[in-house]
Amino acid sequence: MTSEQIANTGSVTADHGSIQTHAQTQPRQNDSVKGCPSERKCGLRWRPAMLHPASLRVLLPWLTSIIGIAFALCLVIAWFPSTVWNTPIVSSDAPAHYYFIRRLLDEGLGAALHLWPHNSFYPPLFHVCAYFVIKIAALFGVQCSIYAAFNITWIIASGVIFPSGMLVLCRYFLQRWNRGNPISNPISRISQASSTSESSSVSESSNVSNQRVSSAVNRQYNATFDATFVLRNLIGLFVPVLAVSSVCHPYGLLNAGPLIAFGFATSLLPFLIAATLRLFDAIAAREHIVKWLAITAIAGVVCLVAHPRIAFTYALILVPFIVLRLPWKLILGVFIAMCVGAVAFVALMLTSFKSDRWANPASWFHSHQPSKNLWESISFCFTDGLDGFPAILFALLLIAGTVAAFVCASRRAAMRSADSLSGAVSTATLDFSADADALASDTAVSAPDVSLVSASGLPAASCSDPADVSLFASSEPSRPRRNDRLRDVIALTAAFLLVTLVYVCTVTLVGALPNIISAPWYRDENRIMTMLPLVALPLLIIGVNALSECVSVCAASASFAPSASSFSTKNSASSSSSVPSLSSASAVSSVRNVSFASNWIGPIAAFLVIAILAVSAQIICSSRTAARDAIIAHSSLNQGDPNEQLTERKITVLRKVTERTGTQATIISDPLNGSMYADTLFNANMLYPIINARTDVPSAPFGKVETAFASGDAQQVLGTVCPLTDAPEYFLTMGGQAQSLQSFPYRAQYDSFHNEELIDAYVDGGTLVKVADYSQYGQGWALYRFGCAD
């Protein structure tokens, strides 16, 4: 029962209705005795004290969320390498992403549906966002470069969108953990237990006195924060920070490729998962289905536009929830849809990529090498990619919290089953009893409250106490309810284990089965590790919540023990008297102690462990630092190898080439020598855009040129190159392929572009005419013009 559900006069509202207790009228009687001028003035006197925590309850969740996201954004900005604001990230996929943004600027948003140079589709959402960054900056008179727009979009996605989505997802699970369970008021428990144990020996006047004590302290309890509320706001502070603490996401993808489109889709995915789970809730409740179906569909379209392959991550994480949360007919329908999608994906791969190894899965990804042993890959998953002490703490909290969550959820399910059976028996007894009025009066105390008191008068130390006990539990239907806690814990654990399985198959195991399992993610470690925070962090939050409950219950039991013993002694001594022996002052003092113990000890412990984890993860972060250093090294122009993708010499040559050719002429070169960066550095018209040119697409100009150039036939070369544009066509040589791109599996297809004998033959035959010599910068570097009629 939250404080919003407790009125200023002492009335209590449950989830399924409101019940006015005897204690509601008692404060007015006490006020008249104390000399209050009027009932209205007394109400006005109490109202400021009651509105203050209520207003905090409204503002604090928003405030903590904003602060947490702001911290996450600051961490991402502080980590971001400053070297890439003026120079590009030099990697395998980076030139294509820069090219896509350039094409949007040149051709407008209409190019978003065919960003590839051969006019096929590539997920455009990230690049469209970067395009709008440039356009919005222009409205304010600021000239934003492609690299700056690229970086700003990545920072917003990683420092704002992703931590916000993780906060939404974690708060969803936390809300379900406590949904439909009024927060237990220890005051109600004590007074209930006292009234129950003394009902046969204490007179009616004693009960009235105890009710006055309970009512007085209830007003004090209304102004306190319950454990769930405090914990939720702790989550608002630390979930965004923890979301960006791991190298798994977003940092790893910026260093790998960078895999920008997939990373952008991953940052959006928590919103889609949360919307889908809300849809499952709506289906179970049979209300608001259309609303959440529309929201889920919109979120799904946005994620697919960011990168369609994110659907595999989405499906892998959602499978356990589908099995545990949906009716069997819908489960069957979803899995049929998944099978249809899988067949379509296989058909697309078979038709798009020609290979003679399809029938032999063991030969797939033949160049892939394991990067971790079994222990390293499993420990990486359980630590969420953290390092050192934060990794150990995260793993311990994850394991202990999961166990505690299973215990709490299982005990809650058992208690609900027992309550349902007890309620059914009580109903049958009432129906056949001759004294129904007396029995109805006796059953005013709910079964769960009675079960909380042991034979010694102490509250039972159960993990289910803080969320399951309610003064009005008997007002709820006696039918068994869905075990939401247990279902969520099982589903989250299963999703985490599935992600762990895929990761282990990718980085450790080899053979046909690991290839098949990890194929949807290209057997790429960087893509798969992005899934870990999506399942590990919600499971950690649920586990910390369960541990907090257990700590609070144990603390409350220890705090109540002396007072309960004292009460029992006093009541035994005065059992023959009609005068109440329970001291109001001692009762209030004991209740305050229990209130503090049961409502604050757990959240304080949760705050400490999460704070230590979040802070230490920023101090000990060698993996993130290594990723940052790698990006800085990639973007540096001071390379020891003169054939690296970008060096000071190559920047100078590319500038000179663009000045000589202009921005309209077509320049052809080996895409693995760094020449492709001239497109966005100097707005040169490079016939490059994609490294792996598809020769099976009719409109693939680069693939046709590469095939013709390798043929050695001058007529074929000129017949392919000259019709490309009305402007002149040039050929640039800048040495061999960069050492950093030697792992690229298709690099051999471009060997003809740096074959000196073939180039000399074209020069001797007049197919190529040298127009500029750059041998002072590198051996064999030169600019040639194709001998077209123009």
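Numbering of residues begins at 1 and proceeds along the displayed sequence.
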For [X] against [Y], the heavy-atom pair lying closest together:
X    : Y    : answer
S752 : F709 : O-CE2, 3.4 Å
A149 : A130 : CB-O, 3.5 Å
R309 : P520 : NH1-O, 2.7 Å
L758 : A710 : CD2-CA, 4.3 Å
L718 : P723 : O-CD, 3.8 Å
I631 : P81  : CG2-CG, 3.7 Å

Residues which pass side chain to side chain contact (heavy atoms under 4.5 Å, CB included) with [X], listed by chain and number, not counting sequence neighbours:
X    : answer
D760 : none
D679 : Y99, R102, M686
P88  : Y98, Y147, L646, Y677, L681

Which pairs pass salt bridge (Lys or Arg N to Asp or Glu O under 4.0 Å) with one or both residues in [range], sequence neighbours excluded?
range            : answer
residues 246-256 : none
residues 645-660 : none
residues 107-118 : R103-E107

Exercise. Under 6.0 Å from the CG atom of N86, do we count more than 12 heavy atoms belonging to anything else shown?
Worked result: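 Check fails, neighbour count at 12 or below.
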Exercise. If you count the non-hydrogen atoms of other residues, nucleotides and ligands that lie under 6.0 Å from CD in E376, is the total more than 12?
Worked result: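 Correct, the count exceeds 12.
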Identify, with sequence neighbours excluded, every residue that meets side-chain hydrogen bond (donor to acceptor under 3.5 Å, both in side chains) alongside [X].
X    : result
S158 : none
S635 : T83
S371 : E525

State, yes or no, whether a side-chain contact exists between [X] and [Y] at a heavy-atom distance under 4.5 Å.
X    : Y    : value
I89  : F150 : yes
T733 : S669 : no
V305 : P124 : yes
L509 : V504 : yes
T661 : R785 : no
T666 : T725 : yes
T530 : C248 : no
I668 : L732 : no

How many angstroms lie between [atom1] in [X] and [atom2] in [Y], if you round to the nearest 0.5 Å?
X    : Y    : atom1 : atom2 : result
N151 : I156 : CG    : CD1   : 11.0 Å
H114 : S120 : NE2   : OG    : 10.5 Å
Y251 : N526 : OH    : CG    : 15.5 Å
D384 : L534 : CG    : CG    : 9.5 Å
C788 : L724 : SG    : CG    : 8.5 Å

Please set out all donor-acceptor pairs under 3.5 angstrom arising from side-chain atoms of residues 254-272, sequence neighbours excluded.
{"unit_1": "T266", "atom_1": "OG1", "unit_2": "F262", "atom_2": "O", "d": "2.9"}
{"unit_1": "S267", "atom_1": "OG", "unit_2": "H249", "atom_2": "NE2", "d": "3.1"}
{"unit_1": "S267", "atom_1": "OG", "unit_2": "G263", "atom_2": "O", "d": "3.2"}

For the residue pair [X] and [Y], is the inter-centroid distance of their aromatic rings smaller than 6.0 Å?
X    : Y    : result
Y522 : F365 : no
F786 : Y730 : no
W85  : F80  : yes

For this session: Output, in order, the C-alpha distance, side-chain angles, deciding distance and verdict of side-chain contact (heavy atoms from CB on, under 4.5 Å) for I759 and Y784.
Result: CA-CA 10 Å; I759 294 173; Y784 303 86; 4.1 Å; yes
Any donor-acceptor pair under 3.5 Å linking the side chain of [X] with the backbone of [Y]?
X    : Y    : answer
S675 : P671 : no
R624 : V247 : no
S711 : D713 : yes
E644 : S740 : yes
S636 : I632 : no
D387 : S622 : yes
N643 : Q737 : no
T500 : C381 : no
T508 : C505 : no
T663 : T658 : no

Exercise. Where does the angle between the aromatic ring planes of F100 and H127 fall among parallel (under 30°), tilted (30 to 60°) and perpendicular (over 60°)?
Worked result: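 Perpendicular.
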Exercise. How are the rings of W521 and F312 set relative to one another: parallel (under 30°), tilted (30 to 60°) or perpendicular (over 60°)?
Worked result: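 It falls in the perpendicular class, over 60°.
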Exercise. Tell me, which pairs form a side-chain hydrogen bond (donor to acceptor under 3.5 Å, both in side chains) where one or both residues lie in residues 762-778, sequence neighbours left out?
Worked result: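 Qualifying pairs: K770-D773, D773-S775.
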Can you give me every donor-acceptor pair (side chain of residues 512-519, partner residue at least two apart or in another chain, under 3.5 Å) with its distance?
{"unit_1": "N515", "atom_1": "OD1", "unit_2": "R523", "atom_2": "NE", "d": "3.4"}
{"unit_1": "N515", "atom_1": "OD1", "unit_2": "R523", "atom_2": "NH1", "d": "3.2"}
{"unit_1": "N515", "atom_1": "ND2", "unit_2": "P361", "atom_2": "O", "d": "2.8"}
{"unit_1": "N515", "atom_1": "ND2", "unit_2": "W364", "atom_2": "O", "d": "3.2"}
{"unit_1": "N515", "atom_1": "ND2", "unit_2": "G511", "atom_2": "O", "d": "3.1"}
{"unit_1": "S518", "atom_1": "OG", "unit_2": "P514", "atom_2": "O", "d": "2.7"}
{"unit_1": "S518", "atom_1": "OG", "unit_2": "R523", "atom_2": "NH1", "d": "3.3"}

For this session: Quick one: do H97 and D93 satisfy side-chain contact (heavy atoms from CB on, under 4.5 Å)? Show the steps, please.
Result: CA-CA 7 Å; H97 293 299; D93 293 340; 4.0 Å; yes
For this session: Start with the C-alpha gap between T313 and I528, add the side-chain angles, then the distance that decides, and say whether side-chain contact (heavy atoms from CB on, under 4.5 Å) holds.
Result: CA-CA 8 Å; T313 301; I528 295 173; over 6 Å; no
Problem set entry | Derivation and outcome, side-chain contact (heavy atoms from CB on, under 4.5 Å), residues V769 and F731 | CA-CA 9 Å; V769 179; F731 177 74; over 6 Å; no
